Amino acid sequence: MISVKNLSYVYSPKTPFNTQALFGINVDINDGDFFGIIGNTGAGKSTLVSHFNALTRVQKNSGTVFVDDVDLSAKKLDLKKLRAKVGMVFQYPEYQLFDDTVEKDVMFGPKNLGLPVDEQRSRAKAAIELVGLDYAEIAGRSPFELSGGQKRRVALAGVLAMRPEILVLDEPTAGIDPIGKRKLMELICDIKKTCPTIIMISHNMDEIASYCNRIAVLDRGTVKGVFAPRELFGSRELLEKCGVELPLVTELAVGLADAGIDIDRSIIDQDELVCAILKAGKYA
Amino acid sequence: MRDMTIGQYYPASSPVHRADPRIKLVILVLYMVTVFFCDSFLSFGFMTFFVLVTVFMSRVPLLKVLKGLKFVLVIVLITTLLMMIFYTDVNAEPIAEWWIFRIYLNGVYAAVKLAWRLLLLILMPTVLTLTSTPTELCDGLESLLSPLKFIKFPVHELALIMSIALRLVPTLIEETDKIINAQKARGAAFESKNPFKKIKAMIPVLIPLFVSSFRRADDLADAMDSRCYRGAKGRTRMNKLKLRVGDVVALLGWCAITVCVLFLKYNWFGWGFIAAWGL
């Protein structure tokens, strides 16, 4: 459970370059959520999530962030424990790989947690298998000779090996082809079985609509609201107010409805749309 | 990392900003040479006055300029201190004595002059980098070095390498920040006090940084290739450097200052007040 109360953040305070990134943010993320964060570039999405594992520290008198019962605005924090608990996968995580073998690279996180070597290795193995890679084949290879998609999975494994309870993903599917995107999203759903809370930043409304159960819309450092996907994508008013694009499926449904076909405008699921079209076709 | 301010351009609209970078570079060289000719407090004061005039004209806050001195202040202090301690004047009595150290009045003077000279030497390049963008400086340097083309010196290539390097400094800083954060998120600790541990902790940052630098270099080469880049031959410029009246006036002004300093040093006409004031 992450609870953000009245959080503000200023970059380079007290200099001519000072810019305020967050203005009094209030958000609650519950255990078991697949929480989507959307918003335009510069809306403060990354700044907000980087507070969750204290990479960005809460500034003085700028609100509070609680992860379970740990107050992140406190001066002394057990950073290791926090970072093991809140796993963070950045944009293009494949650029963080550094070690000479995949296994060693994935063991980096557990090693930093001070776990015994056996435990490091077994966690690395489990994480590599969890992201759908063949451990026996890949463990001894250099991460730099893998394909782009494989690298990203290895980087993901590097975070998962720390066994986080909350996983933050910053545009996990950026720069991947459509099939790879779908596979990665399926993988993330698998991960959710062991890491129950997932927070995802994305510009891809299709992913947001089909996987998230709650969506926060950020705009220029403020939260426009937290919605269920159907509530957000079904309401023209909200969409316009928040400046959000439609997922492909919903766009199609809206287009059909505008053309006079009897279809619910808030459909966000592909199969549901197919059923609705078939049903509408029968009565036409 | 993001708070590094060495050589940071300070955008403003001022005659110093608008001046031709070639003239600025020439003036800088002239100025440096002149500072080495300064040897009396009078001439140091004279130079400082004109540096301050330049800073004032550039509309960069004085504090911002002085901040550029922060990094070298320690070095200046140490050299001054050493100068003061080890200066020996056989003709005079020490003004203070402690253990094996003797401090002479002339030693104090010499030390103050040394510090003053060092500060003057650092101040002007700081003003230059605050008022000119790296691109301007590169263009200026390329133009100034262009006579070397006749001896087959690759002037254009040198300028290109420099401008690429300068251009990528902020990018690399940003990238370093990102990688540090990514490794911190995996529990890496960079705050260790043990220097060996500290160096070892940098490996997970340096390797990805190198890898991405090579990747960037490849991408850049491809991008240049795809735009048919062939080096300097037949290449025109978007921003042509143009000498204006003000630039020439500034250069002449600084020449006059140099002459004045030389005059203060050598006192060709044997004027009494220079001899009297010139410590």
Side-chain angles (χ1 to χ4, degrees), chain A residues 11-17 46 49-50 52-56 78-100 104-115 120 127 142-144 148 151 155-164 167-168 170, chain B residues 1-6 8-13 59-68 70 130 170-192 197-219:
Chain A
Y11 278 105
S12 348
K14 291 176 199 156
T15 68
F17 302 99
S46 300
V49 297
S50 68
F52 295 167
N53 68 347
L55 278 177
T56 305
D78 189 346
L79 287 177
K80 271 194 182 157
K81 210 170 147 196
L82 179 69
R83 283 172 187 163
K85 185 175 197 162
V86 183
M88 174 97 59
V89 181
F90 286 90
Q91 260 179 61
Y92 298 101
E94 53 271 29
Y95 297 151
Q96 74 185 34
L97 300 175
F98 70 97
D99 225 323
D100 44 1
K104 273 201 213 160
D105 203 293
V106 177
M107 279 161 64
F108 183 65
K111 194 171 107 193
N112 288 328
L113 297 182
L115 298 168
Q120 290 174 25
S142 157
F144 297 108
K151 274 188 205 167
L156 190 56
V159 174
L160 291 174
M162 298 174 75
R163 303 257 161 98
L167 185 65
V168 183
D170 193 343
Chain B
M1 285 295 272
R2 218 167 274 176
D3 300 326
M4 277 207 328
T5 48
I6 318 165
Q8 202 178 47
Y9 180 65
Y10 186 91
S13 167
R59 299 211 184 114
V60 179
L62 189 62
L63 247 150
K64 182 94 195 166
V65 181
L66 294 180
K67 240 186 183 171
K70 216 170 60 186
L130 280 169
T171 315
L172 282 181
I173 289 176
E174 202 178 298
E175 186 113 1
T176 314
D177 260 349
K178 269 191 201 157
I179 296 170
I180 285 181
N181 271 342
Q183 306 301 23
K184 268 188 186 166
R186 293 210 275 167
F190 297 101
E191 294 89 8
S192 172
K197 271 190 185 164
K198 229 175 174 170
I199 293 168
K200 226 181 145 199
M202 285 315 280
I203 292 175
V205 176
L206 290 178
I207 290 176
L209 200 60
F210 268 110
V211 173
S212 82
S213 302
F214 280 111
R215 200 186 56 220
R216 261 177 219 292
D218 273 343
D219 289 352

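Owing to the predicted nature of the structure, the values given are computational and were not obtained by experimental measurement. Letters A, B, ... are given to chains in the order of the sequence lines, protein chains preceding strands, and every chain is numbered from 1.
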Legend entry - Shortest non-hydrogen separation from A:Asn112 to B:Arg186 and the atoms involved: ND2-O, 3.0 Å
Inset, instruction - Would you please go through residues 91-99 of chain A and name the residues with a non-hydrogen atom below 4.5 Å from one of chain B, in numerical order? - result: A:Tyr95, A:Gln96, A:Leu97, A:Phe98
Inset, instruction - Give a yes or no on whether A:Lys151 atom NZ has more than 12 heavy-atom contacts from other residues, nucleotides or ligands under 6.0 Å away. - result: yes
Inset, instruction - Using a cut-off of 6.0 Å, state whether more than 12 heavy atoms not belonging to B:Phe210 lie near its atom CZ. - result: no
Inset, instruction - Among the options B:Pro204, B:Gly187, B:Ala182, pick out the one with the most heavy-atom pairs lying under 4.5 Å from chain A. - result: B:Pro204
Inset, instruction - Name all residues meeting the side chain to side chain donor-acceptor pair (under 3.5 Å) criterion together with A:Lys104; count only those two or more places apart in sequence or in a different chain, and write none if there are none. - result: A:Asp100
Legend entry - Leading residue by heavy atom contact count with chain B [cutoff under 4.5 Å; candidates A:Val168, A:Asp105, A:Leu113, A:Leu79]: A:Asp105
Inset, instruction - Measure from the side-chain N and O atoms of A:Asn53 to the backbone N and O of B:Ala185, and report whether any donor-acceptor pair falls under 3.5 Å. - result: no
Inset, instruction - Counting only heavy atoms closer than 4.5 Å, note whether A:Met88 contacts chain B via side chain, backbone, both or neither. - result: both
